[in-house]
Structures are given as structure tokens and as C-alpha cells.
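First comes the structure, then the notes that go with it.
Note on naming: letters A, B, ... go to the chains in the order of the sequence lines (proteins, then strands), and numbering restarts at 1 for each one. From a predicted model like this one, the values you see are computed outputs, not experimental measurements.
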Amino acid sequence: MILLTCWKMMRRLKIDTLTKFGTFEVSRRASEVATLGSHCFFSGSRPRNSFRDTSLLAENKKISHFIRIGQINEARAFFDNMGCRNTVSWNSMISGYVKRREMTKARKLFDEMPERDVVSWNLMISGYVSCGGNRFIEEGRCLFEMMPKRDCVSWNTMISGYAKNGMMDQALLLFDRMPHRNVVSWNAVVSGLLQNGDVMRAIEFFNRMPERDAASLSALVSGLIQNEELDGAARVLLEYKNKDGAKENLVHAYNTLIAGYGQKGLVDEARKLFDRIPFRNDERDKNNERFERNVVSWNTMIMCYVKAGDMVSAQELFEQMIERDTFSWNTMISGYVHVLDMEKASNLFSKMPNRDTLSWNLMVSGYSLTGNLELVSDFFEKMPEKSLVSWNSVIAGYEKYEDFNGAIELFLRMQSEGEKPDRHTLSSILSVSTGIMDLNLGMQIHQLVTKTVIPDTPINNALITMYSRCGAILEARTIFEELKLKKEVISWNAMIGGYASHGYASEALELFKLMRHFEVQPTYITFISVLHACAHAGLVEEGRRIFKSMQSEYGVEPTVEHFASLVDIVGRHGQLEEALDLIKSMPFEPDKAVWGALLGASRVHNNVEMARVAAEELMKLEPESSTPYVLLHNMYANMGCWDDAADIRGMMERNNIQKQTARSWIDSGY
DNA sequence: GTAGGGTTAG
């Protein structure tokens, strides 16, 4: 009975997998058992005791399981406690370290293991080459040369290692030298050539392949797309015939190309390809696979429409789908969120059968973008599971719509709930610090940035903006200098703007010169700051010259803000007529900043006629504002023109204008 | 337990 059970068990586990394990390594604990009755060794070719073997098989699987779910320490503890190990146990453990690129630990086990097979060597090589870089590739090559016996996998690992590190010559040398190539070797070379931009040779190798499989076509199509050869990819795909004439399931490759067209905005091309995929094909091919549209094809096509902003076609296709998955719903929602009309997004959201965190995040970020902060918080609180993106969306929304306290409160709450901020969170909070000009908060966030993320240019830009707006110009400049060649136009703008708004006009202009020296193309924001600096420093000629150069030298169209600055510059200098002419020559309607600049200048130069012109225009633009009335009234009063002053007062009363109480911003303190 | 390729959302 027992024998029968054993035999059945062995049948189920396939005897050959049991016998091919070879020699067992017996640890101290197990060897005690072994000397008593030997359960660990095979006698002849048939296992005498399959319980030990099956349990070893199960134990090895346990190691793999721990590794798969990312619990490497648990895997190691289990491995260390195993009574009996074979080469597979060691290899499994090594593969765990290799996957995590912990090559020192992997190497230690490899050096310690009592008996290595070809897989042990291959694992180590694969680990070294996937770490990348010359040193590791060399280490891999060294093992490759040392190993007693190589199989196809060893060669392929080394070839793809070279290919992925841009060392195509070395890869091809090995490919030429290898004794038996299989389809994987060919695929590795083809995709390697494509990754290194050698399209011609890739196609040549593809055509020379003695056999192909599904991966061959996928590699070629995706590689061609990466090399911007969309037409080539389409040709390959449409003309593709397998060597033995058998039909293959090409849907994957088709989907790849549809997505490629979508990336380039070629929606019509994508649609043509989508329409070529059979809708339903009942004749099964040799591989027992159907070539027909799958849910990914539909999703990808919908995605193309969404990216092109064509929600009508996206919706049409979505409605035709027989089987939708969460992805389909989320893509549609993201499309509606992207074009901001939220009602349709919300409709879909309420109808969808299974929502995941992304669905919720999409709604939250949609309401954040449209500034509906009430609904943001409503959705956020109802989320069954919050991800980092959820927190970031809400914080970004609060920041954008200037609910700075809300943003900070949420930032504190997220940390108390154990969610760690990333660079997105930190840049939002840096913008909050800038918004409320809280240098103290900004400095704390700076410390957090240093501790938790590797600062990239965007976050450094946010730091420069924060420090320069808060008046800590030196700190801003230090970060600006540390950026070295990674300075972007935003970095320059932030720094120039900081100087300009704190009265460091010459520094602002100096930096503007330097920016031109480095051939960084200024934007309209650069010119706003530079003109601002000229106005503060009374640099009339410089201001006029820079204003003219905007269009002629840099092709930047002046906006109403630039005109307002120039009006300010010439007006402050006392050239009020020129300022008025400038306003009249503007290609667009002057706004309150423009008239405000003229009014301010008129007041400084005590030109009451001009002040009256500007004030009347301001009264038309902002009928409820008391500022122009008050300014004009005070000017008349100062000159002793009491009748005129009384007139203004009368106008104020007739128009029901209240003098606004002075308000100041008070630090709410956190 | 090891080698090649692969489509979709924030």
C-alpha cells in the first residue's frame, strides 16, 4: 500500500526530476539522520525514499516563493535551517540575490557551495551582466571563461549582456564563436542591434534567422518603433510570414505598433491597423491560438484617441467593447479628466464595476486640477486604499488653488500615517512655502529633500524659487551654481526673478547677460523679470533696448505685462507722454497693470492731467475699486485744488465706492 | 534555479 502511494506520488512529480538532482549536500543536522538510516541518498537510479525528495522539492519551492514575494531574509533564514540541501536549493538562493543585484551575497554563496552545476554559473553571469557597467561585465566574462562546461544559456546570457551595455561588437564576436545557436541567441542579437540603433543589420539578421518565434517579431517591431521606423515596422508586420507558413498570433505585435502610432499622434494609422486585426476568427491556427483583437488591442486603440483628445471616438469604441476591464474604464476616465468637462468622468466612475486605486486617483487629481477642493477631499476620504499618488494629487491641488494651510495639514497627516513623501510631494510643499513666503518651512523641506531624495533639476528649481522669493538670495544662488550644466531656463528665470523682486537690479541684469553668453533662450518670464529690474534701477535706455530686443533678437512676443513694465520704466523717468503713446500703440487692450503704472508715474511726477487720464481708464476697468479715486483725490488735495478734490469725493459717493480698509497679510503660524 | 521580446492609465 505504502509502495503504491510512493509510486503514485513519484508519477505525479515525474521521476526524472527527482533523479536529475544528482548529489545531495547534507548539513550537519541531516547527516546525523543519514548515519542512522540514510534517507538522503539514492540507491542506484531509483529513489529509495521519495518522502525526503518530495519534501526537498517542496522546501526549494518555498525558497522561490519567499523570493517571489520579495522576502529575501525569510528565504535566507529558511535556507539556513534546511536539513538537507541540493544544488537547486543553493541556486534558488543565489537567484534571489541575483534578482536583487546583491552580487556580493550571491558570490559568497557561489564560492561556498559544495557543488556547482551549469545553472549556478549562468546565474552568476546573468547577475553580473545585468548590473551593467564595464567592471561587472568583465566579472561576468571572467566566470564565463572559467566555467567548466557552457550551455546555450551561458552564451546567450553573455551576448545579451554585451548587447544591453552597448558592446555590440563583443556580442557579435561571441555569437560567431558559439557552437550551437538557438532562436534566443538570434533574438538577442536582433534586439541588441536595434537597441544600439543598427536597424539595417537587425533586419539582415532577422531575415537570416533559421527559425523564429513570437518573441522574434515582437523584438523587431518594438525595436523598429524605438528607432522611429514606424513604416518599417508596419511593413514587417503586414508582410510577415513564418518560415513554415503557419499562422501565428500576431496580436501582440499589432498592439505594439498601434501604441507606437498613438505615441506619435498618428491616430488614423493606428485605427487602420486596429481594423486589420480580425474581430473573430474561429479557425484556430497550428499553435492553437487565435489571431484576433484582445482587450489590450481595444484599450490601446482607445488610448490613442484619448491621447489625441478625441473623446468622441474613444467613447464610440468603448461602447462597442464586449468585454471591458478596469484598464478600459480607467483610460476613459483619464481621458475625460484630461480634457477637464469632470461630469463624464464621474458618470463613468459611478458605473464602473471594479474600481482600483488608480480610478480613485484619477477622480481626485481631476477635481484637484479643476479646483473643486471640496470634492477632492470628499473622494480622498472615501478611498478604500490611498497611494502616494493620492496624497500627492490632493496636496498639489491644494497648492495650485492656494489652500496652503490645507496642503500643509495634509502633508503632516500623510507623514503621521506612515506615507513617505517623494519628490512630487516635496516640490508641492516647496511651492507652498514659496506661496506663503515661509522661509522656515522651506528650509525644513530642503533638509527633508537632502535626506530623502536625490535632488533633480525640477526640485532644485523649486528650491531656487523658494529661497529667492523668500529673500534668501545667497542660498538660492548657491543651489543655482551647484546645478552647473544642468541649469534649465526655469533655473535662470527663478534666479533672475529673485534678484529683480528684491531690488538687486544689477545682479539680475548681470545674470541675464550670462544667460545669453551660455546661449540659453530666454522666455517671456525672463523678460518680465529683467524689465522689472530695469524699472527698479531706473535704467531707462537699457529697458527700452531690452524691450526692443525681445522680438527682434529672441523672437519673444511682448505681452501686456511687458508693456506695463516699459510704461513703468519710461513713466518713472518722467516721460509720461511717451508712456501714453506706448499704451496707444499696444496691439491689445491695456489692462489695469498698464494704467496703474501710468497712474503711479503721474503721481510721482505730480502730473495731474495724466493721472486723470489713467485714473478714468482704471475706473472703467475696475468700477468697484477705490484706488484711482483716492489717488486722484489726494493729488488734488496736495496741490490745494479743493474743488477738484471735492468733485472726486462726490463721484465716489454717486458711484457708491467705499474706501477700502487697509488689509495686511498676517502669518497664521504653524 | 539560468538566456531573448511584448501592448494599456496617474
(message) For dA3(B) and Ser160(A) - does any side-chain N or O of the residue sit under 4.0 Å from the phosphate oxygens OP1/OP2?
(response) no
(message) By nearest atom, which of the nucleotides dA3(B), dG5(B), dA9(B) is closest to the Ser126(A) side chain?
(response) dA3(B)
(message) Students often get this wrong, so: under 4.0 angstrom with heavy atoms, is Lys307(A) touching a base, only sugar-phosphate, or nothing?
(response) sugar-phosphate
(request) Ignoring backbone atoms, test whether Lys164(A) places a side-chain nitrogen or oxygen under 4.0 Å from the OP1 or OP2 oxygen of dA3(B). (result) no
(request) Report which part of the nucleic acid Ser365(A) touches: base, sugar-phosphate, or nothing (heavy-atom distance under 4.0 Å, all strands). (result) nothing
(request) Choose from dT8(B), dG6(B), dG10(B) the nucleotide whose nearest atom is closest to any side-chain atom of Ala259(A). (result) dT8(B)
(request) Check every strand shown and say whether Ser359(A) touches a base, only sugar-phosphate, or nothing at a heavy-atom separation below 4.0 Å. (result) nothing
(request) Check whether the side chains of Asp213(A) and Asn187(A) place a donor and an acceptor atom closer than 3.5 Å, and report yes or no. (result) yes
(request) Scan Asn182(A) against the nucleic acid and name what it touches under 4.0 Å (heavy atoms): base, sugar-phosphate only, or nothing. (result) base
(message) Which residues pass the salt bridge (Lys or Arg N to Asp or Glu O under 4.0 Å) test with Asp275(A), not counting sequence neighbours?
(response) Arg271(A), Arg293(A)
(request) Quick one: label Ala215(A) by what it contacts on the DNA or RNA (base, sugar-phosphate, nothing), any heavy atom closer than 4.0 Å. (result) base
(message) Let's go through Phe349(A) and Trp360(A) carefully: what are the C-alpha distance in whole Å and the side-chain angles of both, what is the deciding distance for side chain to side chain contact (heavy atoms under 4.5 Å, CB included) to 0.1 Å, and is it a yes or a no?
(response) CA-CA 8 Å; Phe349(A) 181 82; Trp360(A) 286 89; 3.7 Å; yes
(request) Ignoring the backbone of Asn361(A), work out which of dA3(B), dG10(B), dT8(B) is nearest its side chain. (result) dG10(B)
(message) For the aromatic rings, using the six-membered ring if either is Trp, is the centroid distance between Phe175(A) and Trp186(A) under 6.0 Å?
(response) yes
(request) Quick one: list whatever passes salt bridge (Lys or Arg N to Asp or Glu O under 4.0 Å) with Glu269(A), sequence neighbours left out. (result) Lys272(A)
(request) Please list, by residue number, the residues of residues 127-158 of chain A whose heavy atoms come closer than 4.0 Å to an atom of DNA chain B; answer none if no residue qualifies. (result) Val153(A), Asn156(A), Thr157(A)
(message) From C-beta outward on Val183(A), which listed nucleotide comes closest to its side chain: dG5(B), dG10(B), dG4(B)?
(response) dG4(B)
(request) Measure from the side chain of Gln226(A), starting at C-beta and using heavy atoms only, and say which of dG5(B), dT8(B), dG6(B) lies closest. (result) dG6(B)
(request) Ignoring backbone atoms, establish whether Gln195(A) has a side-chain N or O less than 4.0 Å from OP1 or OP2 of dG4(B). (result) no
(request) Scan Asn392(A) against the nucleic acid and name what it touches under 4.0 Å (heavy atoms): base, sugar-phosphate only, or nothing. (result) nothing
